[in-house]
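In what follows, a structure is listed as structure tokens, so that the remarks can point back to it.
Just so you know, these numbers use all the heavy atoms, side chains as well, and skip hydrogens, waters and symmetry mates.
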Amino acid sequence: MPVKKDGKLMFTLNDLKPITEGGGIVDGTLGGLILGNSHANGGIKVIRQYQNEELYEVIAEFEGWEYILNPLTTKEIQQLTLINSEFNNTKDEFIEYKIPKDIKVIDTRPLLENIKETNKLILLDKWSQFIINKHSTKKYLTELDFLNKKHN
């Protein structure tokens, strides 16, 4: 049963155990291209360990086709903000594309097709990780993946 701490809803390891055992949590600590729901369709919940306790909190909502970078790439690459801001305020419709075969993928799509309650969660580490919006990811996917793998 989730608990409230510091005004936030926290999950215990026992809360997460059945989700983990059922394949409902994917590791996002090394980064990669996210496959899953758009924000309009509920997004993808992201959890992280709360301080050094055995509690986990929902810290963000990502969406499919965004790219998570690992902590080392996030720390060392200065142009990430420029890449990510290139499509700020775009009204362009996003069109899915074919993913090159060597791209690291974080698949959060539902365990049971079209049942969004079975969407997977993404687990991140305590270190900061940069997220690139889906339009910038589409344009820079190969470069982002190369940088991400270089620092893994």
Carefully, step by step, assess Gln51 and Lys5 under the rule side-chain contact (heavy atoms from CB on, under 4.5 Å). CA-CA 12 Å; Gln51 298 176 0; Lys5 181 168 181 141; 5.8 Å; no

Distance from [X] atom [atom1] to [Y] atom [atom2], nearest 0.5 Å?
X	Y	atom1	atom2	result
Asn133	Glu86	CG	CD	9.0 Å
Leu141	Lys134	CG	NZ	14.5 Å
Leu124	Arg48	CG	CZ	6.5 Å
Ile68	Ile122	CD1	CD1	4.0 Å
His151	Asn70	NE2	CG	8.0 Å
Ile34	Lys104	CD1	NZ	10.5 Å

Counting only heavy atoms not in Glu143, do more than 12 fall under 6.0 Å of its CD?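 Atom CD in Glu143 is crowded, with more than 12 foreign heavy atoms closer than 6.0 Å.
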
Does Asn88 have more than 12 heavy atoms from other residues, nucleotides or ligands lying within 6.0 Å of its CG? yes

Side-chain donor/acceptor of [X] to backbone N/O of [Y], under 3.5 Å:
X	Y	answer
Gln79	Ile83	no
Gln49	Tyr56	no
Asp15	Thr12	yes
Lys138	Glu96	no
Asn37	Gly42	no
Gln129	Leu69	yes
Thr29	Asp125	no
Thr90	Phe87	no
Thr73	Leu147	yes
Ser136	Ile132	no

Working note: Val58 + Val46, criterion side-chain contact (heavy atoms from CB on, under 4.5 Å); need CA distance, chi angles, decisive distance, verdict. CA-CA 6 Å; Val58 175; Val46 181; 6.0 Å; no

Side-chain heavy atoms under 4.5 angstrom apart, residues restricted to Ile, Leu, Val, Met, Phe, Trp, Tyr: same cluster for [X] and [Y]?
X	Y	result
Ile99	Leu144	yes
Phe11	Ile19	yes
Leu30	Val105	no
Tyr140	Ile103	yes
Ile44	Ile106	yes

Are [X] and [Y] side-chain neighbours, meaning at least one heavy-atom pair lies under 4.5 Å?
X	Y	answer
Leu72	Asn152	no
Lys149	Asp102	yes
Ile47	Ile59	no

Between Tyr67 and Asp145, is a side-chain contact (heavy atoms from CB on, under 4.5 Å) present by the stated rule, with each step listed? CA-CA 8 Å; Tyr67 197 98; Asp145 199 64; 2.6 Å; yes

For the pair His39 and Glu61, evaluate side-chain contact (heavy atoms from CB on, under 4.5 Å) and give the outcome as yes or no after the intermediate values. CA-CA 8 Å; His39 288 304; Glu61 178 187 287; 2.7 Å; yes

How are the rings of Trp65 and Phe94 set to each other: parallel, tilted or perpendicular (split at 30° and 60°)?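 Judged by the thresholds at 30° and 60°, the geometry between Trp65 and Phe94 is tilted.
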
Before accepting this row, confirm whether a basic side-chain N of the pair Lys8/Glu57 lies closer than 4.0 Å to the acidic partner's carboxylate O.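 Looking at Glu57 together with Lys8, the answer is yes, because their closest N to O distance falls below 4.0 Å.
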
